[in-house]
Number of protein chains: 2
Amino acid sequence: MLSKACEYGIKATVFLAQQSKNDLLSNVNEIAGAGNSPVAFTAKILQQLARSGIVASVKGAQGGFYIEKNVLRKLNLLQIVTAIDGDAITTECVLGLSHCSEINPCPMHSKYKVIKAEIVNMLHTTLVSELADDLDQKLTFLKN
Amino acid sequence: MLSKACEYGIKATVFLAQQSKNDLLSNVNEIAGAGNSPVAFTAKILQQLARSGIVASVKGAQGGFYIEKNVLRKLNLLQIVTAIDGDAITTECVLGLSHCSEINPCPMHSKYKVIKAEIVNMLHTTLVSELADDLDQKLTFLKN
DNA sequence: TTTAAATAGGACTAATTAGTCCTGTTTTAG
DNA sequence: CTAAAACAGGACTAATTAGTCCTATTTAAA
């Protein structure tokens with residue numbers, strides 16, 4: 001469903017959101033540590049999220065990453081998934097047909113259509129800030 | 001979501017179901033051709049499906065694959081997916097936590113739980129024979 | 001002003017998934 | 001009885017995804 005890069009990216013973003021609400025910067029070690037993710041790989045993904053404008057970075061000593069308040073207010077999971085995995089999740093046929101559509105449907109098209117819509121809707125309506133709140137209240141966890 | 005092996009496996013099975021209703025055997029070339037899938041790779045997957053008891057094979061000249069009527073009657077997509085991809089689809093955490101559960105939920109757990117249940121339910125309740133019927137009526141296609 | 005702590009980014013390696021190819025065996029038709 | 005058509009299966013190659021490592025640059029603090 002989601003690539004490893006995307007899993008790490010979501011965990012990193014949720015952690016950063018939690019920190020950013022308290023105006024804290026976090027460096028790659030803290031971010032990767034919080035989600036039990038590989039450090040160097042997480043660094044790569046954060047670069048990508050920074051280029052997409054999802055997170056912001058401060059270079060140099062005492063630098064790190066954070067999420068701007070006005071970005072965080074509206075940031076949802078679909079934005080993160082799209083930034084990292086592209087729009088395959090919304091566009092691709094579940095059986096891999098290159099031109100699967102209503103007029104040329106694969107055998108699973110009508111049944112999968114419903115599922116796909118729900119996945120996209122869930123990602124689109126889930127705000128990173130609400131996930132960060134749950135995390136803050138220790139209702140959820142980034143590792144175990 | 002599904003591996004390529006699984007996509008090819010489902011297409012192969014649906015095609016075989018359609019053929020088997022007319023008591024026809026199909027060889028690997030016909031099966032792969034019907035779904036625009038790589039021949040040798042499809043052969044591998046059919047072997048696997050044969051070992052799982054989902055399809056049956058007849059060796060030798062004029063041999064091929066088919067699905068037994070009493071298997072086909074109850075065969076659903078979840079059986080195929082499980083035979084090829086294992087039970088990751090039903091068990092794995094969307095964020096990759098190794099022990100994600102109700103008491104140790106990842107940030108997406110409660111939202112993804114609903115989606116996962118619908119995916120599994122869809123796979124479980126979709127019979128290969130109904131997909132084969134749609135195919136037979138040219139309501140759906142295995143390639144384009 | 002130097003040093004150390006950080007991000008940026010490219011080149012590289014490792015692991016997994018996707019896919020091929022070859023050899024052996026079975027079986028039917030001529 | 002032999003040749004050809006087919007599956008079985010293992011060894012291999014290719015492509016993609018996952019992940020590391022090194023060097024350059026920035027910047028704050030001592």
Side-chain angles (χ1 to χ4, degrees), chain A residues 1-13 16 19-20 24-33 35-67 81 83-86 88-89 92 95-96 98, chain B residues 1-13 16 19-20 24-33 35-67 81 83-86 88-89 92 95-96 98:
Chain A
M1 172 100 155
L2 299 177
S3 65
K4 283 285 163 192
C6 205
E7 291 178 13
Y8 302 149
I10 291 173
K11 289 196 285 187
T13 308
L16 269 182
Q19 300 299 294
S20 297
L24 294 171
L25 280 191
S26 310
N27 65 35
V28 175
N29 275 288
E30 295 168 329
I31 298 168
N36 233 213
S37 307
V39 178
F41 195 25
T42 299
K44 272 284 148 63
I45 297 156
L46 285 164
Q47 278 177 39
Q48 218 179 321
L49 292 172
R51 281 192 293 264
S52 308
I54 290 172
V55 306
S57 71
V58 175
K59 287 188 187 176
Q62 317 311 315
F65 294 88
Y66 67 101
I67 303 178
V81 172
I84 297 172
D85 283 352
I89 205 168
E92 276 183 6
L95 290 182
S98 31
Chain B
M1 170 101 156
L2 300 176
S3 67
K4 283 285 162 191
C6 205
E7 292 178 14
Y8 302 149
I10 291 173
K11 290 196 284 187
T13 308
L16 269 182
Q19 300 299 293
S20 297
L24 294 171
L25 279 192
S26 310
N27 64 35
V28 175
N29 274 288
E30 294 167 329
I31 298 168
N36 233 215
S37 307
V39 178
F41 195 25
T42 299
K44 273 282 150 64
I45 297 157
L46 285 164
Q47 277 178 39
Q48 219 180 320
L49 292 172
R51 281 191 294 262
S52 308
I54 290 172
V55 306
S57 70
V58 176
K59 285 188 190 177
Q62 317 312 314
F65 294 88
Y66 67 99
I67 303 178
V81 172
I84 297 172
D85 283 353
I89 205 168
E92 276 183 6
L95 290 182
S98 32

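Throughout, a chain's letter reflects where its sequence line sits, starting with A, and its residues are numbered from 1.
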For A:Phe65, the option from A:Thr13, A:Asn27, A:Leu25, A:Val28 that meets side-chain contact (heavy atoms from CB on, under 4.5 Å): A:Val28
Atom-to-atom span, CG of A:Leu46 to P of C:dG9 - whole angstrom: 13 Å
Separation between OG of B:Ser98 and CG of A:Asn36, rounded to the nearest 0.5 Å: 7.5 Å
Residue pairs fulfilling side-chain hydrogen bond (donor to acceptor under 3.5 Å, both in side chains) with at least one residue in residues 2-12 of chain A, sequence neighbours excluded: A:Ser3-A:Asp85, A:Lys4-A:Glu7
Distance (rounded to the nearest 0.5 Å) between B:Ser20 OG and B:Ile67 CD1: 5.0 Å
Interatomic distance where CD1 belongs to B:Ile45 and C1' belongs to D:dA8 [whole Å]: 15 Å
Inter-residue atom distance A:Cys6.SG - A:Ile84.CD1, 0.5 Å rounding: 5.0 Å
side-chain contact (heavy atoms from CB on, under 4.5 Å) assessment of B:Ile10 paired with B:Leu2: CA-CA 10 Å; B:Ile10 291 173; B:Leu2 300 176; 3.9 Å; yes
Protein proximity profile, nucleotides 9-24 of chain D - base contact B, sugar-phosphate-only contact S, no contact -, cut-off 4.0 Å on heavy atoms: BBB------SBB----
Shorter than 3.5 Å, N or O on both sides, protein versus nucleotides 27-30 of chain C: list them out with atom names.
from: C:dT27; atom 1: O2; to: B:Ala61; atom 2: N; distance (Å): 3.4

Nucleotide N/O to protein N/O under 3.5 Å, stretch nucleotides 1-3 of chain C:
none

Nearest-Å distance for atom pair CZ/P, residues A:Phe65 and C:dA5: 17 Å
Under-4.0 Å side-chain N/O to phosphate OP1/OP2 contact, B:Ser57 with D:dA6: no
Show which side-chain atoms of residues 38-63 of chain B pair as donor or acceptor with protein atoms under 3.5 Å away, not counting sequence neighbours.
from: B:Thr42; atom 1: OG1; to: B:Pro38; atom 2: O; distance (Å): 2.7
from: B:Gln48; atom 1: NE2; to: B:Ala83; atom 2: O; distance (Å): 3.4
from: B:Ser52; atom 1: OG; to: B:Gln48; atom 2: O; distance (Å): 2.9

Flag, side chain of B:Glu92 to backbone of B:Ile89, donor-acceptor distance under 3.5 Å: no
Between P of C:dC21 and CG of B:Asn29, the distance in whole Å: 13 Å
